[in-house]
2 protein chains.
Amino acid sequence: MNFEETLKTALHEKGLRLTPQRQVVLEVMLNLGGQHYTADQVYEIVKAKSDDISLATIYRTLELFVEMNILRKFDSGDGIGRYEIDPQNSEHYHHHLICLQCGKITEFKDDLLDDLEEVIAQKAGFRIADHCLRFFGYCQECDKNSKKM
Amino acid sequence: MNFEETLKTALHEKGLRLTPQRQVVLEVMLNLGGQHYTADQVYEIVKAKSDDISLATIYRTLELFVEMNILRKFDSGDGIGRYEIDPQNSEHYHHHLICLQCGKITEFKDDLLDDLEEVIAQKAGFRIADHCLRFFGYCQECDKNSKKM
DNA sequence: CTTAGTGCAAAACCTTTGCAACTCT
DNA sequence: AGAGTTGCAAAGGTTTTGCACTAAG
């Protein structure tokens, strides 16, 4: 069963429907390299493909997918929401490396936080469901360029 | 030399001034238990103390303090900026535990990320300047309550 | 048919900005 | 006087919402 079928079933269980708009958004999020997009970026990409969608629907669809744990929402520190395929649904956890110069966001796969989560659960009595780790700094390119100057 | 004197000197070095508004904001951020506040929360607290301040100035002051590394800005996932005394200026790094039920934000001190930062710097060629780690889950209280039901 | 989903435009919301008045040195 | 700072109101940008219409099942 492919992802779309799974989605359809999951939606039906909640009495929701699989519309063309939801299909396209899913497709975009799945196919474009597991990247992270703002609602507006998704809107632009989707519009180019089918044109028959509104920004409001993009927002509604993205938030729906987040609730269904298909997508994950995070922000790179600028207050603008970014969405990506939930790492748990695809591969391993990953963290974000955000370049303070050019704004590029790259990913870094790692499982090292598992130990830390256990420590926190015990010490702080906090049951962890999820985490978000971002590193701010300078990517290789920008670092090189700054040394040239 | 206390924090206010240090601030005054740091401001003067940049040709900036220590105004009553900046003093009050610093005071609030220093004294209210090292908590994290939204601009609006700071505004409400400061207004109660002196009334002679505008929300625009709160924003300008908070951003100024962030640039001076006195404050640190982060977000708890809702797209609203939160400010707190920079951990580097006070104690150790800490991470945030955000309760998905009641929204309460608590802190967890830890230095364990240093190793990870080194690994990333080498593997990804990324020079790290800062990081932000947040855990989402359920605090002791909310966890108890949910088990009662 | 029934009810969920959509597009549109307006609203809500947080944050930034232009500008004239003000203040500290 | 001169430069930084402020308050106010307006503008900016992202996200949400009300409502009439459309479409999925």
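So that the names make sense, note that chain A is the first sequence line, chain B the second, and so on, each numbered from 1.
In this entry the distance linking CG of A/Leu62 with C1' of C/dG5 reads 15 Å, nearest Å. Summarising the geometry, the separation between CD1 on A/Ile58 and P on D/dT14 is reported as 15 Å, rounded to the nearest angstrom. Between A/Leu11 atom CG and C/dT6 atom P there is a gap of 10 Å when expressed in whole angstrom units. Rounded to a whole Å, the CD1 atom of B/Ile80 is 7 Å from the C1' atom of C/dC14. Across the protein-nucleic acid pair, B/Ile53 atom CD1 and D/dG7 atom C1' stand 11 Å apart, rounded to whole Å. If you measure from atom NZ of B/Lys73 to atom C1' of C/dT16, you get 11 Å, rounded to the nearest angstrom. Atom CG in B/Leu55 sits about 10 Å away from atom P in C/dT16, given to the nearest Å. We find that OH of A/Tyr37 is positioned 17 Å from P of D/dT15, with the value rounded to whole Å.
Between A/Met29 and A/Ile70, every side-chain heavy-atom pair lies at or beyond the 4.5 Å cut-off. Considering only heavy atoms from C-beta on, A/His96 stays 4.5 Å or farther from A/Arg82 through its side chain.
Listed nucleotides C/dT16, D/dT6, D/dT16 differ in distance to B/Thr57; the shortest reach to its side chain belongs to D/dT6. Here the nucleotide nearest the side chain of A/Ala56, chosen from D/dT14, D/dT17, D/dG7, is D/dT17.
Put simply, the residue from B/Leu62, B/Leu55, B/Thr61, B/Thr57 that forms a side-chain contact (heavy atoms from CB on, under 4.5 Å) with B/Tyr59 is B/Leu55.
Under the 30°/60° scheme for interplanar angles, the aromatic rings of A/Phe135 and A/His95 are found to stand perpendicular.
Summary of the strand contacts: B/Ala39 and A/Asp52 both lie near DNA chain C, and taking for each the nucleotide with the nearest heavy atom, the more 5' one is attributed to A/Asp52.
Side-chain N/O atoms of A/Glu63 and A/Tyr83 include a donor and acceptor closer than 3.5 Å.
Without hydrogens or angle criteria, B/Arg22 side chain to B/Arg17 main chain gives a donor-acceptor distance under 3.5 Å.
Taking a 6.0 Å sphere around CD of A/Glu118, one finds it holds 12 or fewer heavy atoms contributed by other residues, nucleotides or ligands.
Contact between the side-chain N/O atoms of B/Tyr59 and the OP1/OP2 oxygens of C/dT16 is not found at any separation under 4.0 Å.
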Distances for protein N/O vs nucleotides 19-25 of chain D N/O pairs under 3.5 angstrom?
| from | atom 1 | to | atom 2 | distance (Å) |
| --- | --- | --- | --- | --- |
| D/dA24 | N3 | A/Arg17 | NH1 | 3.2 |

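Residue contacts shown for A/Asp40 are absent, as no nucleic acid heavy atom lies under 4.0 Å away.
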